[in-house]
Amino acid sequence: MAETVRVLSYNVRSLRDDRAALARVVRGCEPDVVCVQESPRFFGWRRAARAMAAEFGLSVVIGGADASGNLLLAAERVRVAAKETLYLRHRRGLHLRGMALAALTVGRSRFTVASTHLSLDGAQRQDQAEEVLGRLQDFAEREQAPARVLCGDFNSHPDSVEWGALTARMADAWQVAPAGEEYTSTARDPYQRLDAVFVSDDVEVVRAGVPTDLVAQADMAVASDHRPVLAVLTV
């Protein structure tokens, strides 16, 4: 039996902005799963992640500093079957990037969700796009959760090589069922789409985009330097 799942992808800039506004944005989207990028990564990061999750009315699944700031949060109705963090292959002199993954169950539907944040360096970003797809596929097969949802800040645009690599194997949810607005950066003056949700063929997209119909732009403008992407999916 298919279930409807609300997945939110959000770069929260290490909680350096208005946390009350951030909580209003997340709660307004009523997510089942939140894929966070740039979660707290330094001293006391576990406590900070738990506190942030509580402000959202959610619980920590996995991630944080041991996934280079990628973090998965989930609502009470979501059951966690398996979870993993990893670092992506690293080039000296560039920022270490990572990935947080989990096999989740909502009702009778089982699926894999992952959060990642790709490099600012173009060559490394292209390599990471392929690596992320492979890691996601391997985890989903191993945990018998083949329906896949990949969320992240991809630091690139839809016409880039790495975006093309992603869409060759997964669907860009915004392109399938756009709702709200497209641009995610910057939060105060949106002019580009760096953040996205990608899904495998066995996931139906009900709607996807910056949820401007659900939360106030005034809150998004001060909650982070990115705007979130909400994807409502049937798994």
Side-chain angles (χ1 to χ4, degrees), residues 6-61 63-65 67-75 95 97-98 100 113-120 149-158 172-174 178-198 207-232:
R6 301 172 71 87
V7 179
L8 190 72
S9 182
Y10 207 169
N11 182 324
V12 302
R13 199 163 72 146
S14 300
L15 303 180
R16 295 201 298 267
D17 300 288
D18 187 327
R19 290 185 60 167
L22 180 65
R24 288 194 296 271
V25 171
V26 173
R27 285 179 174 270
C29 295
E30 299 181 327
D32 295 301
V33 181
V34 180
C35 295
V36 178
Q37 301 89 44
E38 292 194 30
S39 69
R41 299 189 295 279
F42 302 110
F43 179 77
W45 64 268
R46 291 183 177 85
R47 182 174 61 253
R50 289 194 298 268
M52 178 179 65
E55 291 168 3
F56 298 165
L58 304 170
S59 298
V60 172
V61 174
S68 290
N70 293 287
L71 176 71
L72 300 179
L73 310 176
H95 184 70
R97 302 288 177 170
V113 65
S115 178
T116 195
H117 187 182
L118 301 190
S119 177
L120 290 169
V149 182
L150 173 62
C151 299
D153 174 355
F154 296 93
N155 271 322
S156 57
H157 300 117
D172 179 347
W174 163 261
E181 293 185 3
E182 178 179 9
Y183 295 148
T184 62
S185 173
T186 62
R188 292 182 182 272
D189 183 23
Y191 69 95
Q192 61 182 347
R193 183 156 71 105
L194 303 179
D195 309 82
V197 176
F198 296 93
R207 60 166 284 170
V210 178
T212 49
D213 56 331
L214 301 178
V215 296
Q217 167 59 20
D219 277 341
M220 287 190 285
V222 298
S224 177
D225 61 341
H226 286 240
R227 300 198 297 177
V229 178
L230 173 66
V232 180

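Atoms considered below: every heavy atom in the structure, side chains included; atoms not considered: hydrogens, waters and symmetry mates.
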Colleague: Counting only heavy atoms from other residues, nucleotides and ligands, does the tally under 6.0 Å from CZ of Arg16 exceed 12?
Modeller: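 Counting other residues, nucleotides and ligands, CZ of Arg16 exceeds 12 neighbours.
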Colleague: Is it the case that the side chain of Ser9 and the backbone of Val197 share a donor-acceptor pair, with hydrogens and angles ignored and the cut-off at 3.5 Å?
Modeller: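 Pair absent, no side-chain N/O of Ser9 close to backbone of Val197.
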Colleague: Using modelled atom types and a 3.5 Å cut-off, is there a donor and acceptor pairing between side-chain atoms of Thr184 and backbone atoms of Asp195?
Modeller: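 Confirmed, Thr184 side chain pairs with Asp195 backbone.
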Colleague: Quick one, Val60 and Arg46 - any side-chain contact, counting heavy atoms below 4.5 Å?
Modeller: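 SC-SC contact between Val60 and Arg46 ruled out.
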Colleague: Working note: Val210 + Tyr183, criterion side chain to side chain contact (heavy atoms under 4.5 Å, CB included); need CA distance, chi angles, decisive distance, verdict.
Modeller: CA-CA 7 Å; Val210 178; Tyr183 295 148; over 6 Å; no
Colleague: How close do Glu55 and Ala23 get, counting heavy atoms only, and between which atoms?
Modeller: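 Scanning both residues completely, I find the closest heavy atoms to be O-CB, 3.9 Å.
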Colleague: Can you see which heavy atom on Val12 is nearest to which on Glu38, and at what distance?
Modeller: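 Of all heavy-atom pairs spanning Val12 and Glu38, the closest is CG2-O, 3.4 Å.
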Colleague: Between Met220 and Val215, does the side chain to side chain contact (heavy atoms under 4.5 Å, CB included) criterion hold? Intermediate values first, please.
Modeller: CA-CA 8 Å; Met220 287 190 285; Val215 296; 3.9 Å; yes
Colleague: Without hydrogens or angle criteria, can the side chains of Ser115 and Gln37 be said to hold a donor-acceptor pair below 3.5 Å?
Modeller: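 Note: Ser115 and Gln37 side chains meet the donor-acceptor criterion.
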Colleague: Could you pull out the closest heavy-atom pair between Arg227 and Tyr10, with the gap in Å?
Modeller: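 Heavy atoms of Arg227 and Tyr10 come nearest at C-CE2, 4.1 Å.
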Colleague: Check whether any side-chain N or O of Asn155 sits under 3.5 Å from a backbone N or O of Leu118 as a donor-acceptor pair, and report yes or no.
Modeller: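 Yes, the answer is positive, given that a donor and an acceptor are paired below the 3.5 Å cut-off.
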Colleague: Indicate yes or no: at least one non-hydrogen side-chain atom of Met52 is less than 4.5 angstrom from one of Leu15.
Modeller: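 Answer yes - side chains close enough.
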Colleague: Between SG of Cys151 and NE2 of His117, what distance do you get to the nearest 0.5 Å?
Modeller: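 Atom-to-atom, Cys151:SG and His117:NE2 are 13.5 Å apart.
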Colleague: Report the C-alpha separation of Arg97 and Asp153 in whole Å, then their side-chain angles, then the decisive distance to 0.1 Å, and conclude whether the salt bridge (charged side-chain N to carboxylate O under 4.0 Å, His left out) test is met.
Modeller: CA-CA 11 Å; Arg97 302 288 177 170; Asp153 174 355; over 6 Å; no
Colleague: Within a strict 4.5 Å, meaning less than it, do heavy atoms of the Ser185 and Arg193 side chains meet?
Modeller: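 No, their side chains stay 4.5 Å or more apart.
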Colleague: CG of Leu58 to CG of Leu73: how many Å apart, nearest 0.5 Å?
Modeller: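 Reported value, rounded in 0.5 Å steps: 5.5 Å.
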Colleague: Checking Asp32 side chain against Ala75 main chain: does a donor-acceptor pair fall under 3.5 Å?
Modeller: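 No: the side chain of Asp32 does not pair with the backbone of Ala75.
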Colleague: How long is the straight-line distance from CG of Leu194 back to CD of Gln192, given to the nearest 0.5 Å?
Modeller: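 Answer rounded to 0.5 Å: 4.0 Å.
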Colleague: Can you tell me how far CG of Asp172 sits from CZ of Phe154, rounded to the nearest 0.5 angstrom?
Modeller: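 These two atoms lie 9.0 Å from each other.
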Colleague: Spell out, as yes or no, whether a donor-acceptor pair under 3.5 Å connects the side chain of Asn70 to the backbone of Ala67.
Modeller: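 Checked: pair present.
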Colleague: For Asp225 and Asp17, work out which heavy atoms get closest and say how close.
Modeller: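 For Asp225 versus Asp17, the nearest heavy atoms are N-OD2, 4.0 Å.
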Colleague: So which heavy atom on Pro31 is nearest to which on Leu8, and how close?
Modeller: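 Answer, listing the atom of Pro31 first, then Leu8: CB-CB, 4.0 Å.
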Colleague: Could you tell me which non-hydrogen atom of Pro228 sits nearest to which non-hydrogen atom of Pro211, and how far apart they are?
Modeller: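 Looking at all heavy atoms of both residues, the closest pair is O-CD, 3.5 Å.
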Colleague: I need the single residue from Leu72, Leu150, Val61, Val149 that forms a side-chain contact (heavy atoms from CB on, under 4.5 Å) with Cys35. Which is it?
Modeller: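 So the option named by the test is Leu72.
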Colleague: Atom CZ in Arg27, atom CG in Leu22: separation rounded to 0.5 Å?
Modeller: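 Those atoms lie 11.0 Å apart.
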Colleague: Rounded to the nearest 0.5 Å, what's the gap from OG on Ser224 to CG on Asp219? Could you check?
Modeller: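 That separation rounds to 12.5 Å.
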Colleague: Could you check whether any side-chain heavy atom of His226 comes within less than 4.5 Å of a side-chain heavy atom of Thr186, counting everything from C-beta outward?
Modeller: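 His226 does not reach Thr186 side chain to side chain.
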